[in-house]
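The first residue of the sequence shown is numbered 1, and numbering continues consecutively from there.
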Amino acid sequence: MLWSALTIAGGVALAVIPAASVSIAARLFDPAGQGLVAVAVLVAMFVGQLAFAILVESRLSSVGTGRRVVFPRWLAIVGIGVAVILAAMPPSPWMLAIGLPVLVAALEVGRGVSIAEHLDQRELIASVCVGGGALIGVLLGLVHSRWAVAALVIGIAVACVVRAMPVPHTASPADERVRGWVVADTALTGVVLPLVSVLILGALGPIDTVRFTAISTVSGLLAIPLNFMRVRLLKAHSTLDIVVTSTAVAAAVVVLLIANLAGAFGWVFGSAWDPAVLTIPLLIACAWRAASLLTTVPFAALRRAGAARLVTVLRGVVSLLTFGLAVTGVWFGSMIGASGMFPGSLFGALIGLLLAELGSAALYAAAQRRFGDSERFAG
């Protein structure tokens, strides 16, 4: 249990990369560059989810195999190469936007492998490297140093080296039918937030886009224990992992609220974060993320049962629901935003995301009860 808790805590390092990127961009680039990086952060998270689905989740979801995974050496080399290029070049929002998807993909896959294979000590070292680089990068960004980006990406490069160390097993072959369904449903789900950010950029401008990315990033800290639970449950059901994750999510919400009241996020994101107007959206975003607890357990059960096709169908429905409610929320929120109490458009978008997550939980639970043991929807 101790190593599980440490591994969950180490996930903070991955979660701070988006926040650190936005923070550095706020100090080094103009508003247009900041908006570009804000969108690129969410795109990078989407690419990372796809890479995880292709290289890790598809193997963990392939019934009848050993379900063993490794961190591909080629991905480590590509990640290190991109990091070296970004470190050597002068800071550029376009270069950072292009490089972030590759770096986040390497981080997502590397961490996912460590969690699935219980490589806890190795993961702790890698997390310290990523977190240390991000912290130094943010500090350098505060003084507008050109080396801020270099510090950020060098930490990622070192983590890739650590995670690429040899392991005594080989990766299990993925069922190609299962892989296709897994990648499809990951794409359907993961594309929603980038699309919402592009919608906000076009409708409301770069400032609200940066705010939305900042809120998504901060509340995304709750995804650390949730992703841990998801990976572990894909291998086997564990009441202990569910309890540990639920406790960690509750503790993380308290920490985020205290940090917000203390002004920590204003220090990280600069003028883009105003506690007076973003506290209510942050509360809603935390509720949205925490609601994933209700979704993950039936989702993982369906995955373990081999119901890959069913999960993809459900993901498609959920994605349409999520995007539709988010768009409606932006439109409705813009109507009430004139009150000046908070950025109404962001408030509405986050309410839409919360309602969609609650609806998804009910949908997955119903599907598990009805089709969980059915062969009809297997991959």
[X] to [Y] - nearest heavy-atom pair and separation:
X	Y	result
Leu103	Gly79	CD2-O, 3.4 Å
Ala106	Cys160	CB-SG, 3.9 Å
Leu50	Val183	CD2-O, 3.9 Å
Ala134	Ala20	CB-CB, 4.0 Å
Ala164	Arg73	O-NE, 3.5 Å
Phe52	Val109	N-CG2, 3.9 Å

Below 4.5 Å, heavy atoms only, C-beta onward: do [X] and [Y] meet side chain to side chain?
X	Y	value
Val249	Thr245	yes
Leu358	Leu354	yes
Leu278	Leu282	no
Thr213	Pro18	no
Val113	Glu123	no
Ile242	Leu293	no

If you round to the nearest 0.5 Å, how far is [atom2] of [Y] from [atom1] of [X]?
X	Y	atom1	atom2	answer
Leu325	Leu320	CG	CG	11.0 Å
Thr217	Ile17	OG1	CD1	11.0 Å
Leu294	Phe299	CG	CZ	15.0 Å
Leu193	Phe323	CG	CZ	11.0 Å
Leu314	Tyr364	CG	OH	6.0 Å
Leu353	Phe212	CG	CZ	5.5 Å

Look at the side-chain heavy atoms of Ile, Leu, Val, Met, Phe, Trp and Tyr, link any pair under 4.5 Å apart, and say whether [X] and [Y] land in one connected group.
X	Y	answer
Leu55	Ile77	no
Leu355	Val196	yes
Val16	Leu140	no
Val130	Leu75	yes
Ile136	Val158	no

Do any side-chain atoms of residues 167-174 form donor-acceptor pairs under 3.5 angstrom with protein atoms, and if so which ones, sequence neighbours left out?
unit_1	atom_1	unit_2	atom_2	d
His169	ND1	Arg68	NH2	3.1
His169	NE2	Val69	O	2.9
Ser172	OG	Arg67	N	3.2
Ser172	OG	Arg68	N	2.8

Going by atom type alone, with no hydrogens or angles, which donor-acceptor pairs under 3.5 Å involve a side-chain atom of residues 24-47 and a protein atom two or more places apart or on another chain?
unit_1	atom_1	unit_2	atom_2	d
Arg27	NH1	Ser23	OG	3.0
Arg27	NH1	Val268	O	2.5
Arg27	NH2	Trp267	O	2.8
Asp30	OD1	Ala32	N	3.3
Asp30	OD1	Gly33	N	2.7
Gln34	NE2	Phe29	O	3.0

- Any side-chain hydrogen bond (donor to acceptor under 3.5 Å, both in side chains) pairs touching residues 281-300, not counting sequence neighbours? Ser219-Arg289, Ser292-Glu357, Thr295-Glu357
- Any side-chain hydrogen bond (donor to acceptor under 3.5 Å, both in side chains) pairs touching residues 47-57, not counting sequence neighbours? Glu57-Arg230, Glu57-Arg303
Can you give me every donor-acceptor pair (side chain of residues 88-100, partner residue at least two apart or in another chain, under 3.5 Å) with its distance?
unit_1	atom_1	unit_2	atom_2	d
Ser92	OG	Trp94	N	3.3
Ser92	OG	Met95	N	3.4

- Task: Please report the C-alpha distance between Arg111 and Ser127 in whole Å, then the side-chain angles of each, then the deciding distance to 0.1 Å, and finally whether the side chain to side chain contact (heavy atoms under 4.5 Å, CB included) criterion is met.
- Result: CA-CA 9 Å; Arg111 176 167 170 77; Ser127 297; 4.3 Å; yes
- Query: Residues in side chain to side chain donor-acceptor pair (under 3.5 Å) with Thr279, at least two apart?
  - Reply: Asn260
- Residues clustered with Val161, ILVMFWY side-chain links under 4.5 angstrom: Ile80, Val84
- Note on the structure: Apart from Val255 itself, its cluster of hydrophobic side chains linked below 4.5 Å comprises none
- Results of side-chain contact (heavy atoms from CB on, under 4.5 Å) for Ala87 - residues two or more places apart only: Ala150, Val153, Ile154
- Task: If a pair satisfies salt bridge (charged side-chain N to carboxylate O under 4.0 Å, His left out) and one of its residues is in residues 83-94, list it, with sequence neighbours excluded.
- Result: none
- Message: Assess the residue pair Leu222 and Leu256 against the criterion (side chain to side chain contact (heavy atoms under 4.5 Å, CB included)); give the C-alpha distance rounded to whole Å, side-chain angles, the decisive distance to 0.1 Å, and a yes or no.
- Response: CA-CA 9 Å; Leu222 303 185; Leu256 291 183; 4.2 Å; yes
- Item | Any residue meeting ring-ring contact (aromatic ring centres under 6.0 Å, His included) with Phe265, in chain and number order, not counting sequence neighbours | Trp273
- Arg122: what forms a salt bridge (charged side-chain N to carboxylate O under 4.0 Å, His left out) with it, not counting sequence neighbours? none
Spell out, as yes or no, whether a donor-acceptor pair under 3.5 Å connects the side chain of [X] to the backbone of [Y].
X	Y	value
Arg304	Leu233	yes
Ser319	Leu188	yes
Arg309	Trp181	no

- Query: What do the steps show when you test Arg163 against Leu107 for side chain to side chain contact (heavy atoms under 4.5 Å, CB included), and what is the final call?
  - Reply: CA-CA 9 Å; Arg163 287 169 172 159; Leu107 289 175; 3.5 Å; yes
